[in-house]
Protein chains: 2
Amino acid sequence: MCEDRQPRRRRDPAATRTALLRAAAELFAERGFDQTTVRDVAARAEVNQALLFRYFGSKQELFAEVLSHNSEALLDSVATQELPRRILENVLADRAGSGAEHTIVAMLRSFSDERAARVLRDELGGSYVERLARLSDSADADLRADLVLAWLFGIGMMRSVLGKEPLAEASDEVIVGYVTRAVSFLLEKSAPSEEED
Amino acid sequence: MCEDRQPRRRRDPAATRTALLRAAAELFAERGFDQTTVRDVAARAEVNQALLFRYFGSKQELFAEVLSHNSEALLDSVATQELPRRILENVLADRAGSGAEHTIVAMLRSFSDERAARVLRDELGGSYVERLARLSDSADADLRADLVLAWLFGIGMMRSVLGKEPLAEASDEVIVGYVTRAVSFLLEKSAPSEEED
DNA sequence: GAGCTTAGTAAGCAGTTGCTTACTTCCGTC
DNA sequence: GACGGAAGTAAGCAACTGCTTACTAAGCTC
């Protein structure tokens with residue numbers, strides 16, 4: 001008799017792991033950590049859900065893996081670029097599907113989770129801010145950089161998560177242009193540092 | 001014999017409702033919609049949790065009530081003021097505890113929930129943007145206003161939700177000063193409207 | 001081909017969730 | 001004081017969650 005019970009997936013641990021990571025990255029970006037179940041991830045990866053625990057131990061660890069895996073790629077891309085303009089393009093590029101861009105959205109959607117918040121705040125924030133702060137020589141360069149970062153996150157949030165119009169449909173170039181110009185005085189070197197009363 | 005079974009709360013439907021609303025507003029702001037359980041809310045309100053459903057029908061409706069109730073107060077406070085400076089102060093004031101300020105944080109923490117996202121995007125975003133857009137007379141005033149709103153939300157997120165330093169500890173005045181100045185060129189009237197190549 | 005390791009599977013457990021139901025008790029009205 | 005509606009309570013249901021376990025079978029070594 002025909003056996004329809006055979007395991008569909010030929011034994012391939014690496015492929016299985018990758019499939020789970022991919023599916024998880026997508027779903028966390030689409031729905032956030034809480035709203036994504038391990039069964040969802042396994043289903044999209046077309047993998048038995050017990051394997052998720054075999055390979056990653058727990059949902060939390062899977063999440064951490066997604067974050068670290070993709071945020072490394074994200075940081076690499078940032079490291080090779082130098083302007084807030086470039087960074088912003090990176091945050092804006094939620095259409096492009098290399099996976100790394102998903103990550104910011106996933107974190108924005110999941111930052112009620114402590115781990116996502118930590119990565120967003122420390123790792124990513126730290127690296128971005130470090131680069132941004134170099135663009136200014138004022139005493140509070142870090143604060144200024146934080147403000148810029150807040151803007152980038154806010155824009156990403158309103159575009160990808162809220163879908164707020166007209167911002168969501170605006171071209172990257174226009175947004176980059178505005179933000180770059182508005183922010184220029186925050187990040188310029190040798191600011192006049194004139195305090196307003 | 002002593003009866004320790006008597007209901008602590010004297011019959012007072014209005015007070016019960018209010019207590020539930022208050023507790024819910026606090027908890028949604030602290031943890032977000034998903035991470036808040038109806039048992040949490042009832043416990044903080046010191047109310048039997050079945051009453052939550054008696055008064056609000058469902059957790060979703062309670063959430064909606066919190067949002068609409070407090071965002072009205074929020075919009076009122078905005079309506080009496082006129083500058084993005086004021087709006088920003090409002091977003092920043094998560095310490096002040098009138099309840100209305102909680103709301104933005106609650107929404108920022110819960111916007112994976114469709115309802116929170118909707119309020120954030122449509123009602124609040126709509127009203128803020130309307131006021132902000134009036135400050136500019138350029139053709140894309142709405143987009144510029146969206147960008148400003150994104151900044152305000154981003155700052156609120158990084159301060160209240162992520163707790164990113166040094167932004168979280170920075171004084172409101174400093175932040176307001178920077179943002180107001182950086183944003184001024186976005187929102188000024190009769191902008192030169194010179195396109196960059 | 002025997003035997004071992006391990007990828008993959010099916011089933012289900014224990015805890016939590018939002019919500020309901022059947023009940024008790026308060027309190028104004030007559 | 002009886003009574004009836006409404007406020008408040010206790011208990012639990014059904015669904016879902018992350019995770020585990022006991023198992024099957026694939027594939028490498030010899």
Side-chain angles (χ1 to χ4, degrees), chain A residues 1-24 27-28 30-66 109-110 112-116, chain B residues 1-24 27-28 30-66 109-110 112-116:
Chain A
M1 64 184 73
C2 61
E3 307 170 322
D4 52 1
R5 182 64 75 78
Q6 65 205 340
R8 284 157 205 154
R9 181 174 304 278
R10 301 292 194 94
R11 288 190 153 211
D12 191 342
T16 301
R17 234 189 92 100
T18 303
L20 283 169
L21 263 179
R22 243 189 95 135
L27 284 166
F28 287 146
E30 288 173 20
R31 312 181 193 171
F33 180 80
D34 290 330
Q35 295 287 348
T36 300
T37 71
V38 294
R39 286 170 176 81
D40 290 336
V41 175
R44 180 167 297 193
E46 291 181 324
V47 155
N48 187 291
Q49 59 126 339
L51 293 178
L52 188 152
F53 297 95
R54 170 189 280 278
Y55 287 114
F56 299 99
S58 71
K59 185 189 176 189
Q60 278 281 348
E61 292 176 78
L62 170 62
F63 187 52
E65 193 104 355
V66 168
R109 274 198 196 275
S110 313
S112 69
D113 179 272
E114 194 186 338
R115 200 173 306 230
Chain B
M1 67 184 73
C2 63
E3 309 170 320
D4 52 3
R5 182 64 74 77
Q6 68 205 337
R8 283 154 204 155
R9 181 175 304 278
R10 300 292 195 91
R11 291 190 153 212
D12 190 342
T16 300
R17 233 189 93 100
T18 304
L20 282 169
L21 264 179
R22 244 188 95 136
L27 284 165
F28 287 147
E30 289 173 19
R31 312 179 195 172
F33 180 80
D34 290 329
Q35 295 289 348
T36 301
T37 71
V38 294
R39 285 169 177 83
D40 291 336
V41 175
R44 179 167 297 193
E46 291 180 325
V47 155
N48 187 291
Q49 59 125 341
L51 293 178
L52 187 152
F53 297 96
R54 171 188 279 277
Y55 288 114
F56 299 98
S58 72
K59 184 188 176 190
Q60 278 281 349
E61 291 176 78
L62 171 61
F63 186 55
E65 193 103 354
V66 168
R109 274 198 196 276
S110 313
S112 67
D113 180 271
E114 193 187 339
R115 199 172 307 228

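Each chain gets a letter, A, B and so on, in the order its sequence line appears, and its residues count up from 1. The figures here come from the full heavy-atom set of this structure, side chains too, leaving out hydrogens, waters and symmetry mates.
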Quiz prompt | Nearest listed nucleotide, side chain of A:N48, among D:dT17, C:dT9, D:dA10 | solution = C:dT9

Quiz prompt | Nearest listed nucleotide, side chain of A:A50, among D:dG18, C:dC19, D:dT20 | solution = D:dT20

Practice problem: Working to the nearest 0.5 Å, report the span between CZ of B:R22 and CZ of B:R44. | Solution: 10.0 Å

Exercise. Nearest whole angstrom, please: distance from the P of D:dC13 to the CD of B:Q49.
Key: 15 Å

Self-check item: Side chains of A:L62 and A:K59 in contact at under 4.5 Å (non-hydrogen atoms)
Solution: no

Self-check item: Validation row: A:L21, A:Y55 side chains within 4.5 angstrom (heavy atoms)
Solution: no

Self-check item: Atom pair distance, as rounded to whole Å: CG in A:L52 and P in C:dA10
Solution: 16 Å

Can you name the atoms? Protein N/O to nucleotides 5-7 of chain C N/O, anything below 3.5 Å, with the distance.
| residue | atom | partner | partner atom | Å |
| --- | --- | --- | --- | --- |
| C:dT6 | O2 | A:R11 | NH1 | 3.2 |
| C:dT6 | O2 | A:R11 | NH2 | 2.5 |
| C:dA7 | OP2 | A:R54 | NH1 | 2.8 |
| C:dA7 | N7 | A:R54 | NH2 | 3.0 |
| C:dA7 | N3 | A:R11 | NH2 | 3.1 |

Quiz item: Just how far is it from atom CG of B:D34 to atom CG of A:D34, taken to the nearest 0.5 Å?
Solution: 4.5 Å

Quiz item: Whole Å only: how far is the CZ atom of B:F63 from the P atom of C:dT17?
Solution: 17 Å

Quiz prompt | Distance, rounded to the nearest Å, where A:D34 contributes CG and C:dG18 contributes C1' | solution = 16 Å

Practice problem: To the nearest Å, give me how far apart NZ (A:K59) and C1' (D:dT20) are. | Solution: 17 Å

Quiz item: Closest heavy-atom contact between B:L20 and B:L52?
Solution: CD1-CA, 3.8 Å

Quiz item: Parallel under 30°, tilted from 30 to 60°, perpendicular over 60°: which one fits the rings of A:F33 and A:F63?
Solution: tilted

Quiz prompt | Nearest heavy-atom neighbours spanning B:A19 and B:A45 | solution = O-CB, 3.5 Å

Quiz item: Which whole-number value in Å describes the distance from B:R39 CZ to C:dG15 P?
Solution: 14 Å

Exercise. Starting at CZ of A:R17, measure out to CG of A:L51 and round the result to the nearest 0.5 Å.
Key: 12.5 Å

Practice problem: Would you indicate whether the side-chain heavy atoms of A:R31 and A:D40 approach each other to under 4.5 Å? | Solution: yes

Exercise. Round to a whole Å and report the spacing from CG of A:D40 to P of D:dC19.
Key: 14 Å

Write down the protein N/O and nucleotide N/O pairs, taken from nucleotides 28-30 of chain C, whose separation is under 3.5 Å; answer none if there are no such pairs.
none

Practice problem: Can you figure out which of C:dC19, C:dT20, D:dG18 approaches the side chain of A:F53 most closely? | Solution: D:dG18

Quiz item: Whole Å only: how far is the CD atom of A:Q35 from the C1' atom of D:dC16?
Solution: 12 Å

